[in-house]
Amino acid sequence: MATNRENFGSRAAVIMAMAGSAIGLGNIWRFPYMVGEYGGAAFILVFILCSFLLSFPIFLSEAVIGRRTSANAIGAMKKLAPGSGWKVLGYLSVVTPMIIVSYYSIVGGWSIEYFFKSFSLNFGDFRPTGWVQLLFNTIFLALSCGIVAFGVKAGIEKFNKISIPLLFVLIVLIMIYSVNMPGADKGIDYLIKPDFSKITGRTFAFALGQSFYSMSLGMGIVLTYSSYVHKDENLVASGAGTVLAALLFSILAGFAIMPAVFSAGIAPSSGPGLVYQTLPHVFTGMGASSSPLLAAIIAVLFFFSVVVAAMTSSISLIEVGVAYLVEEKGIKRSVACLLVFLLAWVLGLASVFSMEAFGKVDAFSSNFMLTVGVMLVVLFVGWKMDKKEIRDELTNGGTINNKVFGVFYFLVRYVAPIVVMIIFISNFVL
Ligand code: PHE
C-alpha cells in the first residue's frame, strides 16, 4: 500500500503545508486579543516560550509517528501498537478534525460572505446563522474538499505553496497601512507594553492552549502531513520552520488588526466579534473619514486573506479523514473527498443554524478533544514507543540532530505530560 503514497516535494513544501494548517483563524481572531489582555509583550514572551518548549516537541512527537509509519492516523497506530488500546489515539485523531471542520468551514463561509460585502463596504449586522450561511458554508467546504481531491502534491502542496507567501505579503501590506493610521500608537502600545503583573497561572494555560490550537496539534494533522515527508528530510528543521512561520504570522496579524481597531476608537474583542463586528466598523469608518476606495481595497484584501488562511487550515483537517478512507478502506480519493464533504456538511447543520451549538462544538472539540489528543500523543511517544525508533526518525539514523534528541526526549517524557495534565484540569476550573 505504501508504494503509491505521495510525498511532499521539498522542505519548503513541507513547511508551507504545515504552516498552512497552523496559520488560520486562531492567529487572526484570538492571538491579538490575548496579547493585549494578558500582558502585551510579556505575553508574547510567554507564548514564544510555550511554543518552543512544549508545542515544538509535541509537534515532533506527532511527526515521528507519521513519518515512521508512512500511514494515516489509524493505520499508524495499528502499525506501531497492534492490537492494543492505543488505537484510541488513531480513532480520536480522525474524529476530532471531522468535528472541527464542520464548524470551521462555517467561519470560512462567513469570510466569503464578508469578502463580497467588502466591495461595497456595506456589511450590515453580523448574522452568523441561517440559510445564507449554509450556502456559503457549502461553497467553502466544497472548495476545500475540491483542493484535497487533487491529491497531496497537485492539490495540498500547490495550494499552500501559493497561499502562504501570498498571505504574508497581504498581512504585511495591511499592517503597514494599519500602523500608519491616526491614533494607531495606542494599538501598538496595547500589543507591546509589557505588563508582567498580568502574567498569572491562567496566562500560561491560555498561552499553551492557544499554542496547541494554533499549531494544529492533537488531531492527527501533523501526523498525517508528516507521513508525506520524505525519509531524508530533517524533521526537526521543518518543525522549527513551521513554528517560526506560525509565530511570525500571529505577531504580524496583531499589528495589522489592533492599531486599526484603536485608531477607530473601538474596544477590541476576541473571537468572531473581532473579525465580523469590530473590523467591519473599522472599515466603514475608514471609508467615511478618508478614501472609500482605499478602505474597500483594504477590506477586500483582509477578508480575502481570512478566506485563504481558513482554507489552508480546513484542507489539513479534511486530509486526515481522506487519508484514512483511502488507505484503510480502499476508497478512491475523489470519492473519499465527497464522503468527507457530506459528513462535515451534515455535522455542521446544527452549528449553521444555532450559535449555541456552534459554541458547544467549538469548545468540546478544540479544548477537550484536542487536549486529550495531545496527552495521548505525548504519553505514547514518551512512554510507549520504542526509544530507538524515535531517535532513528528524528536523527535520520544518527546522522543529524544527535544533540537535540536528549532535550526533546526529556521534554516529551517528563515535562509535557505534567503540563498538559495541568492544562486539562484548568479547562474545567478556570
Ligand atoms: N491552527 C488553526 C488556526 O490557528 C486552527 C486549526 C485547528 C486548524 C485545528 C486545523 C486544525 O486557526
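Indexing begins at 1, ligand by ligand and atom by atom, following the structure's order. Starting from 1, each residue takes its place in the sequence as its number.
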Does ligand 1 have any N/O pairs with the protein under 3.5 Å, and how far apart?
unit_1: ligand 1; atom_1: 1 (N); unit_2: Ser21; atom_2: O; d: 3.2
unit_1: ligand 1; atom_1: 1 (N); unit_2: Ala22; atom_2: O; d: 3.0
unit_1: ligand 1; atom_1: 1 (N); unit_2: Tyr213; atom_2: O; d: 3.0
unit_1: ligand 1; atom_1: 1 (N); unit_2: Ser214; atom_2: O; d: 3.0
unit_1: ligand 1; atom_1: 1 (N); unit_2: Ser216; atom_2: OG; d: 3.2
unit_1: ligand 1; atom_1: 4 (O); unit_2: Ala22; atom_2: O; d: 3.1
unit_1: ligand 1; atom_1: 4 (O); unit_2: Gly26; atom_2: N; d: 3.4
unit_1: ligand 1; atom_1: 4 (O); unit_2: Asn27; atom_2: OD1; d: 3.2
unit_1: ligand 1; atom_1: 12 (O); unit_2: Leu25; atom_2: N; d: 2.8
unit_1: ligand 1; atom_1: 12 (O); unit_2: Gly26; atom_2: N; d: 2.7
unit_1: ligand 1; atom_1: 12 (O); unit_2: Tyr104; atom_2: OH; d: 2.9

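The distance between the ring centers of Tyr409 and Phe405 falls below 6.0 angstrom. In this structure, Phe303 has its ring center no closer than 6.0 Å to that of Phe116. Between Phe159 and Phe150, the distance from one ring center to the other does not fall under 6.0 angstrom. Ring pair Trp110/Tyr103: centre-to-centre distance not below 6.0 Å.
Geometrically, Lys117 engages Tyr114 in a cation-pi contact, judged by NZ or CZ lying under 6.0 Å from the ring centre and within 45° of the ring axis.
Paired with Phe249 under the rule side chain to side chain contact (heavy atoms under 4.5 Å, CB included), one option of Ile164, Leu244, Ile171 passes, and it is Ile171.
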